[in-house]
Amino acid sequence: MGSLTDDPDFLATTYVVIDFEATTPAGHPAQPIEVAALALRYEHGGWAEAGRFASLIRPPEFASLIRPPEFAPVTRFNTLHSGLTSEHLASAPTPAEALGALDRRFNPDSRYLLVAQHAATEAGLLYNQREHCPVAARIDLLDTIPLARCMVPGLADYRLDTLLGHYSIPLPADRHRAAADVRVTARVFTRLIEDADREGSVRDLTELVKVAGRTAKVGRPAQGELFTL
């Protein structure tokens with residue numbers, strides 16, 4: 001492989017793919033109703049899962065729900081988009097419980113970056129929930145959209161579905177659920193890194209951050225790694 005996956009800083013980093021589903025109440029910032037995260041490390045010439053988080057696990061599906069506050073009820077749009085209803089969320093953990101549990105998965109002695117499709121959305125949600133997840137809210141992000149624009153120029157757009165089609169990754173049946181979107185976003189991310197490695201256009205982690213990085217809204221990025229479940 002090329003120089004990117006030989007870079008010591010790249011190899012020392014855990015890449016945590018994260019996705020939220022949210023409701024968008026008038027007069028308030030978006031409120032999370034589902035979160036999923038998948039931690040990846042590049043080691044021994046390939047990608048390995050380093051940990052997963054779910055606030056509610058329903059085997060065999062990896063899923064995590066969050067009960068929104070009363071001012072941010074699930075809307076008809078949310079249900080049409082993701083299939084989630086108020087009944088699904090009635091007994092789900094609160095944001096403090098779910099995101100607090102996520103935060104406790106991190107090891108402050110390790111280094112990591114969050115990865116998301118359109119990372120501004122995840123960055124905003126994490127910032128607004130920072131009292132519940134102060135570690136995660138301080139982590140810098142990589143956005144797959146500018147990385148894809150760099151690696152595969154000329155696509156009609158850079159939506160997740162378009163990138164899945166470009167890489168012949170099947171659309172999941174539960175698209176727009178956080179866990180499903182994390183899994184396919186992780187596949188897109190690893191394919192983009194393969195492209196960058198093969199073409200030599202992004203030579204190290206510093207250049208990767210220049211191309212696709214988004215600074216966390218809360219202070220300096222914390223360093224950490226998801227524990228393996």
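Numbers for residues simply follow the sequence, beginning at 1.
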Taking atom CZ of Arg203 as the centre, report whether more than 12 heavy atoms of other residues, nucleotides or ligands fall under 6.0 Å from it.
->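 It does not: Arg203 CZ has 12 such atoms or fewer within range.
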
Give me the atom names and distance for the closest heavy-atom approach of [X] to [Y].
X: Ser82; Y: Arg177; result: O-CD, 3.2 Å
X: Ala148; Y: Leu163; result: CB-CD2, 3.7 Å
X: Ala30; Y: Leu125; result: O-CD2, 3.5 Å
X: Val74; Y: Leu84; result: CG1-O, 3.5 Å
X: Val152; Y: Leu155; result: O-CG, 3.6 Å
X: Ala37; Y: Val16; result: CB-CG1, 4.0 Å

Calculate, to the nearest 0.5 Å, the distance between atoms [atom1] and [atom2] belonging to [X] and [Y] respectively.
X: Arg130; Y: Asp103; atom1: CZ; atom2: CG; value: 13.5 Å
X: Glu49; Y: Leu40; atom1: CD; atom2: CG; value: 6.5 Å
X: Leu4; Y: Glu199; atom1: CG; atom2: CD; value: 12.0 Å
X: Arg175; Y: Leu164; atom1: CZ; atom2: CG; value: 6.5 Å
X: Ile66; Y: His132; atom1: CD1; atom2: NE2; value: 9.5 Å
X: Cys133; Y: Tyr127; atom1: SG; atom2: OH; value: 12.5 Å

Is there a side-chain contact between [X] and [Y], using heavy atoms and a 4.5 Å cut-off?
X: Pro93; Y: Arg67; answer: no
X: Leu141; Y: Val115; answer: no
X: His118; Y: Tyr158; answer: no
X: Pro170; Y: Arg187; answer: yes
X: Gln129; Y: Gln31; answer: yes
X: Pro146; Y: Asp143; answer: yes
X: Leu147; Y: Leu208; answer: yes
X: Arg76; Y: Leu80; answer: yes

Between [X] and [Y], a side-chain donor and acceptor under 3.5 Å:
X: Thr14; Y: Arg41; result: yes
X: Thr185; Y: Gln117; result: no
X: Asp195; Y: Tyr167; result: yes

Is there a donor-acceptor pair under 3.5 Å between the side chain of [X] and the backbone N or O of [Y]?
X: Thr13; Y: Asp9; answer: yes
X: Tyr42; Y: Gly45; answer: yes
X: Ser3; Y: Asp6; answer: no
X: Glu97; Y: Thr94; answer: yes
X: Asp140; Y: Ala216; answer: yes
X: Asp204; Y: Asp7; answer: no

Atom pairs and distances, side-chain donor-acceptor, residues 18-26, under 3.5 Å, sequence neighbours left out:
unit_1: Thr23; atom_1: OG1; unit_2: Pro73; atom_2: O; d: 3.0
unit_1: Thr23; atom_1: OG1; unit_2: Asn78; atom_2: OD1; d: 3.1

salt_bridge(Arg183, Asp174) N-O dist < 4.0 Å |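 Yes, Arg183 and Asp174 are salt-bridged.
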
Does a side-chain N-to-carboxylate-O contact under 4.0 Å join Asp161 and Arg159?
->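 No salt bridge links Asp161 with Arg159.
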
Stepwise, does the side-chain contact (heavy atoms from CB on, under 4.5 Å) test hold for Val218 with Ile139?
-> CA-CA 8 Å; Val218 181; Ile139 306 306; over 6 Å; no

For Val184 and Leu160, run side-chain contact (heavy atoms from CB on, under 4.5 Å): C-alpha distance rounded to whole Å, both residues' side-chain angles, the deciding distance at 0.1 Å, then the answer.
-> CA-CA 9 Å; Val184 293; Leu160 182 57; 4.0 Å; yes

Same apolar cluster (I L V M F W Y, side chains within < 4.5 Å links), Val188/Leu171 |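 Val188 and Leu171: one cluster.
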
Co-membership, hydrophobic cluster, residues Leu11 and Val209, 4.5 Å side-chain |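 Result: yes, single cluster for both.
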
Evaluate the ring planes of Trp47 and Tyr15, with Trp represented by its six-membered ring, and classify them as parallel (under 30°), tilted (30 to 60°) or perpendicular (over 60°).
->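 Because their plane-to-plane angle is over 60°, the rings of Trp47 and Tyr15 count as perpendicular.
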
Evaluation steps, side-chain contact (heavy atoms from CB on, under 4.5 Å), between Cys150 and Val211 = CA-CA 8 Å; Cys150 176; Val211 169; 3.8 Å; yes

Give the intermediate values and the outcome of side-chain contact (heavy atoms from CB on, under 4.5 Å) for residues Asn107 and Ser110.
-> CA-CA 6 Å; Asn107 179 352; Ser110 300; 3.7 Å; yes

For the pair Arg191 and Glu194, evaluate salt bridge (Lys or Arg N to Asp or Glu O under 4.0 Å) and give the outcome as yes or no after the intermediate values.
-> CA-CA 5 Å; Arg191 292 292 297 273; Glu194 289 175 11; 3.8 Å; yes

